[in-house]
Amino acid sequence: MADVKKSLRVLWTLIRTTVADLFTRFVHTVEDWLLGPKKARYGMAITRVLMGTAALGLLVSDFRGRYYHYGSAAAWNREVSVPTSKFAKISLFDLFRSLVLNDVWLTLIYLAVMVLAVLVILGWRTRIVLIVFFFAWVSLIAINRPYGNQGDNIMRIAFLLMIFADPAGVWSLDARRKRKQNRSEPTGSWFGNLLHNAAVALMIIQVCIVYVSGGLYKATGKPWQEGYAVYNPLNTVRYGPWPELNEMVSSSTLLILGAAWGSILLQVFFPMMLLNRITRVIALLGISGFHIGIAVLMGLAWFSLAMLAIDAMLIRDRTWQKIGGMLTALRKNPETLLPEPPPAAKLPLARRRT
Amino acid sequence: MSTRISRPQRLASWAVAVIAAIHIVLTMVWVAPSNSIVKEIIPRKTLAVYMEPMFSQSWSVFAPNPMSGTYHLEVRAALAGAGAPEITEWVDATAAEYTFKYHQLAPGRASKTADILAQRFKDAHDALVSEQKPFVENNYFKDDWQERFKKRLVDNQSSKAKTSTYLRLDRMVTAYATQVAHAVWDGEIERVQFRVTRTAPISFAKRHNPDAKPPKPTVINAGWRGTVVEEGQNSERFAEFFLRGLEGAKKRG
């Protein structure tokens with residue numbers, strides 16, 4: 001009897017200490033990750049550049065139609081007097097509604113937001129520029145909310161989170177300026193690191209939520225289960241800038257089926273695939289193909305670019321640095337990329353006499 | 001590393017972690033199907049106070065049933081003349097704007113104006129009750145036509161919100177149609193008429209069948225309406241963009 005009691009006590013101690021140990025390790029992992037060096041610095045720099053490009057792209061593609069879409073030619077939609085966006089109730093996100101019916105004001109505002117987007121891409125005085133850009137961007141996009149899409153939502157959330165992070169620590173004019181001023185780049189303040197790392201985590205988790213929920217919703221639909229789902233939107237005018245291409249894709253049952261089931265599996269398993277290096281590469285290649293397909297076939301270029309922008313943080317900084325190194329070598333010293341020529345001593349003696 | 005973290009740093013990191021975790025959970029609940037039983041724990045309206053508008057999002061856009069119809073918005077007008085007004089032919093506004101999307105790598109949003117307007121109108125119209133729908137097809141363009149039209153619909157309504165949404169869209173399409181009319185036809189526009197069509201493609205199963213016919217399109221024929229011009233409307237700016245689109249549509253044949 002005493003043996004049983006002793007064994008139970010040992011078992012209990014074992015359980016207690018294991019749980020305590022796991023808990024402590026969990027606590028330390030979280031703290032170390034959040035308070036440690038900034039994660040995905042290069043990845044987020046790419047995110048900044050691509051998101052800025054997506055915003056700029058959206059503005060450029062509607063530049064010729066700016067009056068028709070946001071301005072005086074669109075007064076028939078009464079967005080100025082009876083706005084549909086909930087942002088209209090928040091004055092900081094409603095900066096332009098009273099001005100857009102004036103052609104000169106609209107053009108000035110439009111150009112100003114484009115300039116801000118360029119500054120975001122270049123990474124010039126990024127924090128303050130991002131903040132001003134954020135309010136201006138949301139204010140402008142909100143003016144014609146019925147014509148937006150989910151890309152507006154993901155871009156807004158990503159820009160918001162980037163304000164708390166350090167998207168211009170590298171590969172930006174800010175970084176170059178700090179290097180010139182010889183400001184040694186310490187590991188950064190612990191608070192800055194905390195906010196940056198939290199932003200990275202939130203952006204990645206947000207994107208995983210997008211993929212998994214999208215995949216699960218798809219899986220509940222008959223067209224997706226039966227595999228023909230993508231045929232439908234591809235054969236609408238709204239998502240058919242290249243009807244011939246859509247026609248070609250539609251004629252291949254294998255492509256249609258692959259797109260439907262492939263996207264469901266890829267989306268639903270995306271976060272899990274990130275945990276292993278090989279599956280992560282497969283997941284990123286797959287999701288990039290998914291976004292590029294949507295961009296080209298459905299005319300949703302900027303939405304796709306914004307998603308690719310956030311996915312960029314899932315590529316390790318080491319890989320980004322390697323790519324950066326290769327591009328720099330390509331620019332400055334292309335020969336360094338070629339394999340080394342054999343040393344002269346190995347040449348046969350006969351050659352050396354000439 | 002852990003041994004060198006001070007107490008305030010630790011507290012701050014956990015505060016941030018907890019806030020982030022709560023935000024993630026709320027986001028997941030928001031993104032989840034709205035008719036799930038989670039609404040007994042967190043009603044959607046309450047959650048909306050936190051999530052909207054900053055974190056608005058919905059990822060069921062092409063699922064479970066992806067979009068399968070093409071919308072067309074057509075407009076014609078009655079031009080004031082010496083005798084009876086001259087009725088013009090129908091102009092497909094959606095096709096005109098498609099010019100700005102066709103073979104573009106990055107089409108602007110302006111190219112889907114009529115397309116989305118048509119969809120919004122059809123959705124609002126479908127939400128009306130059968131007692132109200134016949135009035136949509138009637139003509140309202142004389143004197144205080146807007147008041148009379150509104151009264152007819154309100155008298156037969158079952159939902160105040162749905163009726164007012166419909167009236168807003170009817171007015172919007174009328175105002176859009178007025179601009180199309182001003183752009184395309186010279187002369188005094190007496191009244192305008194629009195119709196919204198939704199066509200679906202041949203079903204996937206039948207797509208290789210040469211005898212297959214696409215499903216019958218649904219058409220909503222609105223009656224004649226008086227012209228509506230909203231405050232601040234610049235007809236020239238509308239025309240310069242729209243006519244370019246129309247040119248392109250004619251070239252495409």
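Throughout, protein chains are lettered first and strands after them, A, B, ... in sequence-line order, and every chain is numbered starting at 1.
Remark: side-chain polar atoms of A/Q150 are paired, donor with acceptor, to backbone N or O of B/S58 under 3.5 angstrom. Not a single donor-acceptor pair under 3.5 Å links the side chain of A/K86 to the backbone N or O of B/E52. Using a distance-only test at 3.5 Å, with no hydrogens or angles considered, a donor-acceptor pair links the side chain of A/D62 to the main chain of B/R109.
By the 30° and 60° cut-offs, the orientation of the rings of B/H103 relative to A/W242 is parallel. Classification of the A/W76-B/Y176 ring pair by plane angle, with boundaries at 30° and 60°, yields perpendicular. Ring orientation note: the planes of B/F62 and A/Y239 are nearly perpendicular, at an angle over 60° on the 30°/60° scale.
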Could you walk me through whether B/E97 and A/Y68 pass side-chain contact (heavy atoms from CB on, under 4.5 Å), step by step?
CA-CA 11 Å; B/E97 289 174 354; A/Y68 195 80; 2.5 Å; yes
> What's the verdict on side-chain contact (heavy atoms from CB on, under 4.5 Å) for B/R237 and A/D103, showing C-alpha distance, side-chain angles and the deciding distance?
Replying inline: CA-CA 9 Å; B/R237 288 275 184 223; A/D103 290 353; 2.7 Å; yes
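Contact of A/V237 with chain B is made through backbone and side chain together, with heavy-atom distances under 4.5 Å. For A/Q225, no part lies under 4.5 angstrom from a heavy atom of chain B. The contact between B/L117 and chain A is made by backbone and side chain atoms together, counting heavy-atom distances below 4.5 Å. The contact between A/R156 and chain B is made entirely by side chain atoms (from C-beta outward), counting heavy-atom distances below 4.5 Å. Contact of B/P8 with chain A is made through the backbone alone, with heavy-atom distances under 4.5 Å. Using a 4.5 Å cut-off between heavy atoms, B/S203 touches chain A through its backbone atoms (N, CA, C, O) alone. Looking at A/T253, the atoms closer than 4.5 Å to chain B (heavy atoms on both sides) sit in the backbone and in the side chain alike.
Of all heavy-atom pairs between B/F241 and A/G65, the closest is CE1-CA, 3.4 Å. When every heavy atom of A/S251 is checked against every heavy atom of B/H208, the shortest pair comes out as O-NE2, 4.0 Å. Closest approach of A/I90 and B/P53 over heavy atoms only: CD1-CG, 4.0 Å. Closest heavy-atom contact between B/W14 and A/V27: CZ2-CA, 3.6 Å. The minimum heavy-atom distance between A/S213 and B/W59, with the atom names listed, is OG-CB, 3.4 Å. The two residues B/A12 and A/W190 come nearest to each other via the heavy atoms CB-CZ3, 3.6 Å.
Remark: the A/E31 side chain and the B/Q9 side chain contain no N/O donor-acceptor pair separated by less than 3.5 Å. Residues A/R145 and B/S56 bring no donor and acceptor atom of their side chains to less than 3.5 Å of each other. Side-chain polar atoms of B/E240 and A/Y67 form no donor-acceptor pair below 3.5 angstrom.
Counted within 6.0 Å of CG on A/L254, heavy atoms from surrounding residues, nucleotides or ligands total 12 or fewer; the atom is thus considered open. In B/E247, the CD atom is not crowded: 12 or fewer heavy atoms of neighbouring residues, nucleotides or ligands sit closer than 6.0 Å.
Between A/R78 and B/R171, some side-chain heavy-atom pair lies under the 4.5 Å cut-off.
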